[in-house]
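Structure first, then comments.
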Amino acid sequence: MKKKIAICFLLTGFVCVLFASSTNTRWVSVQKTHLKSRTGWFASKTSAVFYGDEVRILNEKGSWAHIALSIDPRVTGWISSSSLTKKKIALWKSDRVSADAHELSLAGKGFTQEIEDEYKKTNLAGFAAVDAVENIEVDQNELYDFLVAGQLKGCEK
């Protein structure tokens with residue numbers, strides 16, 4: 001009887017440890033984003049993470065998470081919590097995600113390749129302008145200067 005109770009406690013402890021460690025695991029749910037040295041959009045960039053990267057939550061502060069990359073725990077930084085998901089992102093291979101950049105872009109617009117092809121056939125819509133806007137990258141320093149010039153509050157570097 002004592003053996004059964006001991007085994008039960010041991011198994012319960014093992015399960016608790018297993019679930020406790022997995023609650024800190026997240027996956028990057030955006031195509032690419034930069035880790036920051038601290039919370040805030042204008043904090044300096046430390047590294048980049050990509051769609052499907054597995055990370056471990058070290059700390060959370062408001063809408064920000066301090067993370068470490070699972071494959072290289074030396075890579076750490078702050079990331080917006082909205083760029084992470086608890087749902088494991090399936091990878092085909094270690095270097096290939098389940099959707100390419102174009103498919104992710106279409107999904108963000110609410111379309112599939114078939115729907116976009118049908119719209120192109122009927123000339124009802126063109127996505128070249130949308131694709132061009134999605135590819136615009138704004139220098140963070142220029143954006144910060146723009147926000148300060150507009151006298152917006154809460155613009156901290």
Side-chain angles (χ1 to χ4, degrees), residues 8-116 127-157:
C8 184
F9 277 116
L10 185 62
L11 287 174
T12 303
F14 177 73
V15 169
C16 289
V17 168
L18 181 66
F19 283 111
S21 64
S22 66
T23 60
N24 289 336
T25 302
R26 302 284 190 283
W27 287 265
V28 177
S29 61
V30 294
Q31 191 170 356
K32 175 185 176 183
T33 190
H34 292 281
L35 298 180
K36 305 288 187 161
S37 59
R38 58 184 176 78
T39 61
W41 292 111
F42 297 106
S44 60
K45 299 173 185 175
T46 61
S47 189
V49 290
F50 300 90
Y51 179 78
D53 283 350
E54 183 179 323
V55 300
R56 190 171 42 87
I57 304 291
L58 303 174
N59 190 12
E60 292 183 279
K61 185 177 181 182
S63 62
W64 291 88
H66 189 224
I67 60 102
L69 197 56
S70 292
I71 60 170
D72 186 356
R74 296 172 296 169
V75 177
T76 64
W78 290 91
I79 186 173
S80 171
S81 297
S82 65
S83 297
L84 301 173
T85 182
K86 290 181 181 181
K87 183 177 178 184
K88 184 175 182 177
I89 295 176
L91 300 177
W92 291 63
K93 296 179 185 173
S94 61
D95 60 346
R96 170 106 165 77
V97 297
S98 57
D100 65 22
H102 183 67
E103 290 169 329
L104 289 172
S105 174
L106 287 174
K109 298 172 195 165
F111 289 94
T112 64
Q113 185 65 52
E114 293 79 21
I115 293 172
E116 183 179 23
F127 296 106
V130 174
D131 292 337
V133 169
E134 287 179 341
N135 289 323
I136 294 173
E137 289 193 28
V138 178
D139 179 75
Q140 293 295 303
N141 292 325
E142 289 179 25
L143 178 60
Y144 178 77
D145 292 341
F146 174 80
L147 294 173
V148 169
Q151 298 178 350
L152 296 174
K153 295 184 182 193
C155 297
E156 300 168 356
K157 235 182 186 180

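Here the structure is a predicted model, which is why all the values come from computation and not from measurement. Start at 1 with the first residue, then count along the sequence.
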Checklist entry - Taking all non-hydrogen atoms of both residues, which atom of T39 and which atom of W78 are closest, and how far apart? => result CG2-CE3, 3.5 Å
Next on the checklist: Applying ring pair (Phe, Tyr, Trp, His ring centres under 6.0 Å), can you list everything that pairs with W64, at least two apart in sequence or on another chain?
Outcome noted: W41
Checklist entry - Within the distance-only criterion (no hydrogens, no angle test), does the side chain of S81 pair as donor or acceptor with the backbone N or O of S63 below 3.5 angstrom? => result yes
Item to check | Pairwise distance CG(D53) to OG1(T33) - rounded to 0.5 angstrom | outcome: 11.0 Å
Next on the checklist: To check you understand the geometry: which heavy-atom pair defines the closest contact between H34 and A48, and what is its length?
Outcome noted: ND1-CB, 4.0 Å
Item to check | Any pair counted as salt bridge (charged side-chain N to carboxylate O under 4.0 Å, His left out), so long as it reaches residues 80-90, sequence neighbours left out | outcome: none
Item to check | Over all atoms of both residues, closest heavy-atom pair of V75 and S47 | outcome: CG1-OG, 3.6 Å
Next on the checklist: Going by salt bridge (charged side-chain N to carboxylate O under 4.0 Å, His left out), name the residues that satisfy it together with D72, two or more places apart in sequence or in a different chain.
Outcome noted: R74
Item to check | Interatomic spacing from OG1 in T25 to CD1 in I67 - rounded to 0.5 Å | outcome: 11.5 Å
Next on the checklist: For a quick test of reading the model, state the closest non-hydrogen atom pair linking S29 to S82 and the distance between them.
Outcome noted: OG-O, 3.9 Å
Checklist entry - So do the side chains of I57 and L84 get within less than 4.5 Å of each other, counting heavy atoms only? => result yes
Checklist entry - Once you round to the nearest 0.5 Å, how far does CZ of F50 lie from NZ of K32? => result 5.0 Å
Checklist outcome for this item: Separation between CD1 (I79) and NE2 (H66), nearest 0.5 Å, reads 11.5 Å
Item to check | Sub-4.5 Å side-chain heavy-atom contact between L35 and V49 | outcome: yes
Next on the checklist: Show the nearest heavy-atom pair for residues I89 and V28, with the distance to one decimal.
Outcome noted: CD1-O, 3.1 Å
Checklist outcome for this item: For V138, the side chain to side chain contact (heavy atoms under 4.5 Å, CB included) test, sequence neighbours excluded, returns I136, L143
Checklist entry - Looking at residues at least two apart in the chain, or sitting in another chain, which of them share a side chain to side chain contact (heavy atoms under 4.5 Å, CB included) with S70? => result E54
Checklist outcome for this item: Residues pairing under salt bridge (charged side-chain N to carboxylate O under 4.0 Å, His left out) where one sits in residues 60-69, two or more places apart or in two chains, turn out to be none
